[in-house]
Amino acid sequence: MNLIDLTNDYLKVKEMAENGGIPFEAVADTLDGLEGEFDSKADGIASLVKRLTAEAGAIKSEEDNLYKRRKAKENAAERLKSYLLGQMTQIGKKKLETASNVISVSLSPPSVRIEDEKALYAIRPDLFVAAEPKADKNTIKTLLKGGEEIPGVFLEQKERLGIR
């Protein structure tokens with residue numbers, strides 16, 4: 001029997017007992033049995049949650065390690081590209097073909113470099129994009145906890161499950 005069925009049976013027996021449909025002794029024994037099965041199933045689910053959480057943590061750790069390795073490889077490749085570009089530029093070589101590679105030096109597409117954004121904003125504010133405003137929820141929470149009322153804003157608390 002699954003947890004949902006056990007819950008439904010428990011609630012049915014409890015309702016029958018409240019309505020006086022079955023004797024107290026039978027109700028107590030039945031509820032004890034259902035509660036024992038429920039507790040066992042809930043314990044199994046909690047154990048599964050703990051195992052899955054641990055596995056997710058191990059995967060996250062491995063992701064972090066792989067990310068670090070990837071970044072190290074990318075950085076090493078960029079350093080080598082920069083080194084090769086510098087050496088080819090020094091000797092004036094624009095292209096090199098080998099059996100396994102074609103290496104060429106060319107200009108990149110133009111990109112914008114701004115030396116002083118504040119100065120640019122002072123003379124051309126139309127070149128700036130305004131960011132969408134975002135509510136400061138920490139400040140709002142502090143105000144609400146302090147008793148301030150803000151229309152359309154309230155503190156919300158939900159039930160959560162703790163497993164240790």
Side-chain angles (χ1 to χ4, degrees), residues 1-10 34-146 148-164:
M1 189 177 286
N2 64 37
L3 196 60
I4 293 172
D5 293 338
L6 287 169
T7 301
N8 290 335
D9 288 352
Y10 186 90
L34 287 172
E35 190 171 351
E37 284 185 58
F38 182 92
D39 291 354
S40 176
K41 293 282 184 185
D43 183 52
I45 290 171
S47 294
L48 180 58
V49 167
K50 286 167 69 175
R51 191 182 91 230
L52 291 172
T53 302
E55 288 176 11
I59 291 169
K60 172 81 171 93
S61 176
E62 190 60 28
E63 284 175 346
D64 293 344
N65 291 337
L66 289 172
Y67 172 78
K68 289 174 187 170
R69 287 178 57 201
R70 178 178 61 89
K71 290 307 285 180
K73 301 288 184 186
E74 288 172 349
N75 291 339
E78 283 303 313
R79 283 190 307 274
L80 288 170
K81 280 175 60 177
S82 179
Y83 168 73
L84 184 56
L85 173 63
Q87 299 309 304
M88 288 181 70
T89 302
Q90 265 188 349
I91 65 169
K93 195 166 198 75
K94 294 286 186 190
K95 189 171 184 177
L96 170 66
E97 286 190 43
T98 69
S100 55
N101 296 295
V102 175
I103 306 163
S104 61
V105 176
S106 61
L107 294 176
S108 65
S111 63
V112 175
R113 192 183 93 188
I114 301 170
E115 291 178 352
D116 186 351
E117 283 196 25
K118 288 180 183 177
L120 177 62
Y121 184 77
I123 57 173
R124 291 291 307 268
D126 60 308
L127 298 176
F128 287 77
V129 178
E132 288 291 320
K134 185 177 178 187
D136 181 356
K137 290 187 177 183
N138 287 330
T139 301
I140 293 170
K141 183 179 183 180
T142 301
L143 293 172
L144 291 174
K145 281 185 168 185
E148 189 169 326
E149 291 186 23
I150 304 170
V153 181
F154 56 93
L155 290 175
E156 177 180 55
Q157 247 181 324
K158 298 178 182 177
E159 286 186 327
R160 64 184 182 97
L161 183 68
I163 299 174
R164 288 186 266 141

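All residue numbers refer to positions in the sequence shown, counting from 1.
By the 4.0 Å N-to-carboxylate-O rule, Glu37 lies too far from Lys41 to be salt-bridged with it. Salt bridge status for Asp126 with Arg124: present, with a side-chain N to carboxylate O gap under 4.0 Å. Ion pairing between Arg113 and Glu115 holds under the 4.0 Å rule for side-chain N and carboxylate O.
For Gln87, the CD atom sits in a packed shell: over 12 heavy atoms of surrounding residues, nucleotides or ligands are nearer than 6.0 Å. Summarising the local packing, CG of Leu107 is surrounded by 12 or fewer heavy atoms from other residues, nucleotides or ligands at distances under 6.0 Å. For Tyr67, the OH atom counts as loosely surrounded, since its 6.0 Å shell holds 12 or fewer non-hydrogen atoms of other residues, nucleotides or ligands. Heavy atoms of other residues, nucleotides or ligands lying less than 6.0 angstrom from CZ of Arg69 number 12 at most.
Every residue two or more places apart in sequence or in another chain was checked for a side chain to side chain donor-acceptor pair (under 3.5 Å) with Glu62, and none qualifies.
We find the CD1-CG distance between Ile103 and Leu85 to be 11.5 Å, quoted to the nearest 0.5 Å. Here the CG-CD distance, from Leu144 to Glu156, works out to 12.0 Å after rounding to the nearest 0.5 Å. From Lys141, atom NZ reaches atom CG of Asp136 across 12.0 Å, with rounding to the nearest 0.5 Å. Annotation: the span from Ile4 atom CD1 to Asp9 atom CG amounts to 12.0 Å, rounded to 0.5 Å. Considering CD1 of Ile45 and CG of Leu52, their distance stands at 11.5 Å, rounded to 0.5 Å. Atom CG of residue Asn75 and atom NZ of residue Lys71 lie 6.0 Å apart, to the nearest 0.5 angstrom.
In terms of heavy atoms, Met88 sits closest to Lys95 at CE-N, 4.3 Å.
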Discussion item. Quick one, Glu63 with Lys60, criterion salt bridge (charged side-chain N to carboxylate O under 4.0 Å, His left out). Give me CA distance, side-chain angles, the key distance, then yes/no.
Written reply: CA-CA 5 Å; Glu63 284 175 346; Lys60 172 81 171 93; 5.0 Å; no

Practice prompt. Decide side-chain contact (heavy atoms from CB on, under 4.5 Å) for Tyr121 and Glu117; before the verdict, give the C-alpha distance in whole Å, the side-chain angles of both, and the deciding distance to 0.1 Å.
Written response: CA-CA 6 Å; Tyr121 184 77; Glu117 283 196 25; over 6 Å; no

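For the pair Thr53 (side chain) and Val49 (backbone), a donor-acceptor distance under 3.5 Å is present. Side-chain N or O atoms of Asp43 include none that pairs as donor or acceptor with a backbone N or O of Asp39 at under 3.5 Å.
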